[in-house]
Amino acid sequence: MRKIVVGAFISLDGVMQSPGGPEEDPIGGFRFGGWFAPLVDEKTGEVIGQMLANPFDLLLGRKTYDIFAAHWPYVDKNDPIGPVFDRITKYVATRDAGRKLSWRNSETLGTDVVAALKQLKQSDGPDLLTQGSSDFLKTLFAEGLVDEVNVFIAPLILGKGKRLFGDSGQPGNLKLVSSQVLPSGIIYAKYVPDGEVKTGSFEFETPTAAELERRKNLT
């Protein structure tokens with residue numbers, strides 16, 4: 001059985017838009033494109049390499065696929081990432097199921113993306129790693145298809161922009177599997193789903209009169 005593994009570079013306030021360059025994804029007037037690049041040092045590269053160390057295929061939304069297809073096939077053959085991305089299978093979620101994909105070893109997920117993903121997860125093969133693809137991630141989280149979340153949390157606030165969870169994340173607990181604080185201030189954390197959200201209370205067993213009044217005045 002294959003896992004769906006999310007890999008995401010995010011700001012402290014959850015924005016993941018355009019980490020790699022100013023022209024990567026300026027949609028919506030996003031003006032901080034390339035915000036992650038200045039933070040990448042030798043240690044960050046090493047940890048990213050660890051995330052990519054196990055066999056995987058890529059699982060991409062159409063916009064991220066287009067960004068990758070215009071970049072990774074053209075990097076130097078000695079690049080540690082480009083040749084790997086070029087060789088493996090790229091599964092692409094696109095509303096245009098008949099879209100022709102020029103990057104080798106690429107295929108669309110068809111018209112029923114959720115059904116295709118469920119079938120892929122039951123098949124033999126490497127895990128399915130997402131990169132970017134914020135719109136596509138909404139579907140993955142909403143359908144409960146994500147098995148692992150890897151986040152590189154950068155020490156900055158970006159305000160507006162595409163977010164990792166948006167407003168459509170499926171409620172649930174996460175279990176921290178591992179974490180590192182990198183010299184740049186980036187926090188790398190790996191999580192796996194861990195059941196339903198648990199709630200508790202610090203309230204008095206018998207509410208005070210002031211508390212009852214407060215609840216009455218809630219709007």
Side-chain angles (χ1 to χ4, degrees), residues 4-52 56 58-76 79-82 84-86 90-95 103 106 128-142 146 148-171 174 176 178-191:
I4 291 181
V5 177
V6 170
F9 306 109
I10 66 173
S11 63
L12 189 58
D13 56 339
V15 174
M16 61 183 298
Q17 186 169 350
S18 194
E23 299 304 321
E24 187 176 75
D25 184 14
I27 290 173
F30 187 74
R31 60 191 182 92
F32 296 114
W35 54 269
F36 194 78
L39 296 167
V40 176
D41 53 19
E42 183 176 350
K43 182 61 178 178
T44 305
E46 177 185 320
V47 176
I48 293 173
Q50 292 170 5
M51 183 181 68
L52 302 176
F56 66 93
L58 281 173
L59 188 58
L60 304 171
R62 193 271 303 168
K63 292 176 184 176
T64 297
Y65 172 82
D66 287 346
I67 293 169
F68 277 27
H71 177 79
W72 288 114
Y74 305 99
V75 301
D76 187 272
D79 184 272
I81 296 176
V84 176
F85 280 5
D86 195 47
K90 281 74 68 175
Y91 296 100
V92 185
T94 172
R95 293 179 179 87
W103 192 7
S106 300
L128 304 163
L129 176 68
T130 76
Q131 296 281 277
S133 309
S134 58
D135 290 338
F136 182 33
L137 287 178
K138 294 175 183 177
T139 298
L140 298 182
F141 285 122
V146 174
E148 181 178 300
V149 179
N150 293 261
V151 287
F152 291 79
I153 306 169
L156 72 167
I157 295 171
L158 295 173
K160 295 181 179 180
K162 299 176 182 178
R163 283 177 158 74
L164 176 58
F165 293 104
D167 297 324
S168 58
Q170 185 75 13
L174 293 174
L176 180 65
S178 62
S179 64
Q180 295 184 57
V181 179
L182 307 182
S184 61
I186 292 171
I187 298 171
Y188 166 67
K190 178 188 294 187
Y191 298 94

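Values below: all heavy atoms of this structure, side chains included; hydrogens, waters and symmetry mates excluded.
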What are the two closest heavy atoms between [X] and [Y], and how far apart are they?
| X | Y | result |
| --- | --- | --- |
| D25 | F30 | O-CB, 4.1 Å |
| P80 | V84 | O-CG2, 3.8 Å |
| I186 | A154 | CG1-CA, 4.3 Å |

Can you measure from [atom1] ([X]) to [atom2] ([Y]) and round to the nearest 0.5 angstrom?
| X | Y | atom1 | atom2 | answer |
| --- | --- | --- | --- | --- |
| K43 | Y188 | NZ | OH | 11.5 Å |
| M16 | F36 | CE | CZ | 11.5 Å |
| Y91 | F136 | OH | CZ | 12.0 Å |
| Q131 | L52 | CD | CG | 6.5 Å |
| I153 | L182 | CD1 | CG | 10.5 Å |
| K162 | S133 | NZ | OG | 10.0 Å |

Passes side-chain contact (heavy atoms from CB on, under 4.5 Å), Q50 versus K190? Steps please. CA-CA 12 Å; Q50 292 170 5; K190 178 188 294 187; over 6 Å; no

What residues, two or more places apart in sequence or in another chain, satisfy salt bridge (charged side-chain N to carboxylate O under 4.0 Å, His left out) together with D41?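 Applying salt bridge (charged side-chain N to carboxylate O under 4.0 Å, His left out) to D41 gives none.
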
Only counting residues at least two apart or in another chain, list the ones meeting salt bridge (charged side-chain N to carboxylate O under 4.0 Å, His left out) with K63.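 Partners of K63 by the salt bridge (charged side-chain N to carboxylate O under 4.0 Å, His left out) criterion, ordered by chain and then number, come out as D135.
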
Run the side-chain contact (heavy atoms from CB on, under 4.5 Å) test on M51 and F152 for me, step by step, so that the C-alpha distance in whole Å, both residues' side-chain angles and the decisive distance to 0.1 Å come before the verdict. CA-CA 11 Å; M51 183 181 68; F152 291 79; 3.9 Å; yes

Can you tell if the side chain of [X] reaches within under 4.5 Å of the side chain of [Y], non-hydrogen atoms only?
| X | Y | value |
| --- | --- | --- |
| I4 | L140 | yes |
| V75 | F85 | no |
| N150 | L129 | no |
| F141 | V149 | yes |
| Y65 | T94 | no |
| Q17 | L158 | no |
| S106 | L60 | no |
| I81 | W72 | yes |

Run through L164, T44, I48 and flag the one making a side chain to side chain contact (heavy atoms under 4.5 Å, CB included) with F9.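 Considering L164, T44, I48, a side chain to side chain contact (heavy atoms under 4.5 Å, CB included) with F9 is found only for I48.
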
Tell me if a side-chain donor or acceptor on E24 pairs with a main-chain N or O of G33 at a distance below 3.5 Å.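 No.
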
Under the 3.5 angstrom rule, does the side chain of D13 hit a backbone N or O of G159 as a donor-acceptor pair?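 Such a contact is found between D13 side chain and G159 backbone.
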
Would you sort out whether L156 and W35 count as a side-chain contact (heavy atoms from CB on, under 4.5 Å), showing the intermediate values? CA-CA 9 Å; L156 72 167; W35 54 269; 3.9 Å; yes

Could I get the full list of side chain to side chain contact (heavy atoms under 4.5 Å, CB included) partners for P73, not counting sequence neighbours?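 Expected list: D86, W103.
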
